[in-house]
J.: 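For reference, the structure I am asking about is given below.
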Amino acid sequence: MFLNRFLGLVVCLIVTGCQTAPESLTEKKPIIKANPDTVVTESKTEQVDAVPPLKPSELEDVWQRIRVQLQFSDSSHPDVQKRIAWYLTHPNYMEEISRRAAPYLYHIVTAVENRDLPIELALMPLIESDFDASAYSHKHASGLWQLTPSIAKYFKVKITPWYDGRQDVIDSTRAALDFMEYLYKRFDGDWYHAIAAYNIGEGRVLQAIARNQKQGKPTDFFSLKLPSQTRQYVPKLLAAAQLLKHQKMVFPSIKNEEAISILPVSGAVILADKAKWQELEELNHGVIRYPAVIDAPHIVVPKDQQSTFKTLLANQKSNDYSKWQHYTVKRGDSLSVIAKRYKVTVSQLKTFNSLKTNIIRVGQKLILPHLADQQIEYKVRAGDSLWKIAKQYKVSITKLKQWNNLSRDSLRVGEKLTVFISNS
C-alpha cells in the first residue's frame, strides 16, 4: 500500500516537471532582489549603443554652441521678466543682432571658452553695443565691448590718431575678457557683481555692497542700490540668456565656424586700392584713416579671402612711396616737431625714412603717409546734420564720428569737424 502511494507520488512529480520544463527553456533569467525570497524574471533586450552628444564646437550654429553651455540660473526677478517681454515683442531685433554678430561671434565664443569663463560673457556685446563695432557712447566708450579710454589703456589697447584698438574685435575682446577676469577676482567670484562693475565701475558696486552690509541687508546684485542703467544691465543679459537657453525666441543661425582671419601688419601700409579697402572697412573700424594702415598690429579679413589679401599686403610692402607725401625739412624743424604735426611717432618717422639717428638737416627730404588726399575743416551751419555732411563729402557717418570723436548724433552750429577725403 505504502509502495503504491510512493510510486504514485513519483509519477505525479514527473508529470508536473514535464509541464514546467518549456518555461525553463525561455530567455528569461532570474534576478535576485534584496529580499532573497523574491525571485523575478527580466526579459533580455537588444543592446543599443548610446549616441554620444555633439560637442559644442561640433554644432552647426554658434548660437546653439552658446546655448548648450549656458550656466547662469534662470531668474524670475521682475526686471528680468520685463526684459524678456521686451525681446519677445521685438522679434526683428535678433535678426539685426545676428547680422552684425556674424563676423565676430565665433571668435568671441572661442576666446571665452579658451579662458574657461561662463559662456554668458559672449553675450555682453549684445548688451553693450548691439554688436556694433563702430559704436560710441556719451562716456567716450567705444566698440563692441564699449571700452573707455582709461580701461583700454590699462589693458594695453592701442589708441592713436591712426588706430583705435577698441574698435578692433581682436584687441577689444582680449582686453574685455582681461577686465572681466580681474573683476571676477575683485568680487570674490560673484559674476553678477563683476558684470555690474563692468558697466558702472567697481567703486560704485563696492560702495553699494558696503552700504547694504552696514544696514544688515542682503548684498546680492538685485538687493543693491545702483544707477538705473546698471540695475537693468544684468537683467538684459540674463533675459537674453534665458530666451536662448529655452529657445523661446528665434536667434537667426550663424555658422559655427571662423568667419574672419587675422593678417599681421608690421610698420605702415598704404592700401591704395580703395575698392579693396572698402571690402575690409566693416571689419576694421579700428583703422581710422584710409588709405594708411598705421599703428594697427593686424587687419581683419574675410576667411574665404585670406589668400587674396595676404598677397595684397605683401605687394604693398614693396616700399612704393608714390602714395606718400614728401616733406622738405625747414629751419627749426626736428623729428619730434614734424612727427607731432603729422600725427605719427618719432619712431615711425625714423622707420619710414630709414633714419638711424634723430639728426636731420635743413633741405633734407622725408616721406610721410598721407592723412588723406585732402583734409578739410568744416564749420557746421544751421540745417546741417551728420548725414548731410557725410553725403556731401562721400564719406560714412561712422568715419565722420570717429575722426571727430563724436558720441552724439546731433551737431552744434559753429562746431568744427575734420573730414578726410581720398581721391583714389
Side-chain angles (χ1 to χ4, degrees), residues 63-98 100-101 105 108-109 112 117-132 135 137-139 141 144-146 148 176-177 179-180 183-184 186-252:
W63 286 121
Q64 297 307 309
R65 177 176 173 179
I66 295 173
R67 186 181 70 82
V68 299
Q69 298 182 82
L70 292 169
Q71 55 185 275
F72 287 177
S73 300
D74 289 350
S75 174
S76 58
H77 192 277
D79 288 345
V80 178
Q81 296 304 311
K82 183 178 179 181
R83 189 63 188 182
I84 286 175
W86 185 93
Y87 284 133
L88 290 174
T89 55
H90 295 78
N92 293 336
Y93 174 75
M94 287 304 174
E95 291 183 11
E96 179 63 15
I97 289 297
S98 283
R100 294 179 183 177
L105 193 57
I108 292 170
V109 168
V112 172
L117 297 172
I119 202 65
E120 281 83 355
L121 301 189
L123 299 176
M124 285 181 62
L126 187 157
I127 311 305
E128 281 289 346
S129 64
D130 293 331
F131 273 101
D132 180 359
S137 80
H138 66 284
K139 294 181 179 179
L144 290 170
W145 295 90
Q146 288 293 281
T148 62
L177 296 182
F179 189 25
M180 286 305 308
L183 291 171
Y184 177 68
R186 187 74 176 86
F187 288 94
D188 301 321
D190 189 312
W191 277 114
Y192 289 6
H193 286 165
I195 293 169
Y198 185 97
N199 176 254
I200 194 62
E202 60 187 293
R204 295 290 293 272
V205 178
L206 288 169
Q207 289 171 7
I209 291 171
R211 185 165 49 246
N212 277 27
Q213 287 174 333
K214 187 176 181 180
Q215 297 173 359
K217 295 179 179 179
T219 58
D220 63 280
F221 167 77
F222 289 107
S223 299
L224 300 180
K225 187 176 181 181
L226 293 166
S228 176
Q229 177 187 340
T230 308
R231 288 202 308 272
Q232 299 306 315
Y233 185 80
V234 175
K236 285 180 181 180
L237 183 65
L238 296 179
Q242 282 181 220
L243 285 168
L244 179 58
K245 182 195 294 185
H246 300 292
Q247 303 186 83
K248 298 292 186 182
M249 185 176 188
V250 174
F251 284 68

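Every value quoted in this text rests on a predicted model; they were computed, and no experiment measured them.
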J.: Donor-acceptor pairs under 3.5 angstrom involving side-chain atoms of residues 195-205: please list them, not counting sequence neighbours.
T.:
residue : atom : partner : partner atom : Å
Y198    : OH   : W145    : O            : 2.7
N199    : OD1  : T230    : OG1          : 2.7
E202    : OE1  : Y182    : OH           : 2.9
E202    : OE1  : R186    : NE           : 3.0
E202    : OE2  : Y182    : OH           : 3.0

J.: Are side-chain heavy atoms of V109 and W63 found at a separation under 4.5 Å?
T.: no

J.: So does K245 pair up with D74, basic N to acidic O under 4.0 Å?
T.: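 Judged by the 4.0 Å cut-off on N to carboxylate O distance, K245 and D74 do form a salt bridge.
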
J.: Do L105 and I66 make a side-chain contact, defined as non-hydrogen atoms from C-beta onward lying under 4.5 Å apart?
T.: yes

J.: If you compare all heavy atoms of R65 against all heavy atoms of Q69, which two are closest, and at what distance to 0.1 Å?
T.: O-NE2, 3.0 Å

J.: Is the closest side-chain heavy-atom distance between F131 and I108 below 4.5 Å?
T.: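 Side chain of F131 against side chain of I108, heavy atoms only: contact under 4.5 Å found.
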
J.: Where do S129 and A135 come nearest, in terms of heavy atoms and distance?
T.: CB-CB, 4.1 Å

J.: Quick check against the 3.5 Å criterion: does E120 have a side-chain atom that pairs as donor or acceptor with the backbone of Q71?
T.: yes

J.: Are D132 and L144 close enough that some pair of their side-chain heavy atoms sits under 4.5 Å apart?
T.: no

J.: Is a side-chain donor or acceptor of R83 paired with a backbone partner of A240 at a separation under 3.5 angstrom?
T.: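 Judged by distance alone, no pair lies under 3.5 Å.
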
J.: In Å, rounded to the nearest 0.5 Å, how long is the span from OG1 of T89 to CD1 of I84?
T.: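 Going from OG1 on T89 over to CD1 on I84, the span is 12.0 Å.
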
J.: Distance check, rounded to the nearest 0.5 Å: M124 atom CE versus L237 atom CG?
T.: 7.0 Å

J.: Between Q247 (side chain) and L243 (backbone), is there a donor-acceptor pair under 3.5 Å?
T.: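 Such a contact is absent between Q247 side chain and L243 backbone.
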
J.: Just how far is it from atom CD of Q207 to atom CG of L226, taken to the nearest 0.5 Å?
T.: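 Q207 CD to L226 CG: 10.0 Å, rounded to 0.5 Å.
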
J.: Any side-chain heavy atom of M249 sitting closer than 4.5 Å to one from L244?
T.: no

J.: Let's go through D220 and S223 carefully: what are the C-alpha distance in whole Å and the side-chain angles of both, what is the deciding distance for side chain to side chain donor-acceptor pair (under 3.5 Å) to 0.1 Å, and is it a yes or a no?
T.: CA-CA 5 Å; D220 63 280; S223 299; 2.7 Å; yes

J.: Distance from L121 atom CG to F72 atom CZ, nearest 0.5 Å?
T.: 6.0 Å

J.: If you take all heavy atoms of A141 and Q146, which pair is closest and at what distance?
T.: CB-O, 3.3 Å

J.: So, D79 side chain and P235 main chain: donor-acceptor pair closer than 3.5 Å or not?
T.: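 A pair under 3.5 Å: no.
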
J.: What residues, two or more places apart in sequence or in another chain, satisfy side chain to side chain donor-acceptor pair (under 3.5 Å) together with E128?
T.: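 If we apply the side chain to side chain donor-acceptor pair (under 3.5 Å) test to E128, skipping adjacent residues, the hits are Y233.
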
J.: Tell me whether Q242 contacts the main-chain N or O of S75 through its side chain, where contact means a donor paired with an acceptor under 3.5 Å.
T.: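 Flag set: sc Q242 to bb S75 pair under 3.5 Å.
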
J.: Just say parallel, tilted or perpendicular for the rings of Y184 and W191, cut-offs at 30° and 60°.
T.: parallel

J.: State, with a plain yes or no, whether a side-chain heavy atom of S228 is found less than 4.5 Å away from one of R231.
T.: yes

J.: Give, for atom CE of M94 and atom CG of L126, the distance between the pair rounded to the nearest 0.5 Å.
T.: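 Output value for this atom pair is 5.0 Å.
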
J.: Out of curiosity, W86 CH2 to Y93 OH, how far, rounded to the nearest 0.5 Å?
T.: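 With rounding to 0.5 Å, CH2 (W86) is 5.5 Å from OH (Y93).
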
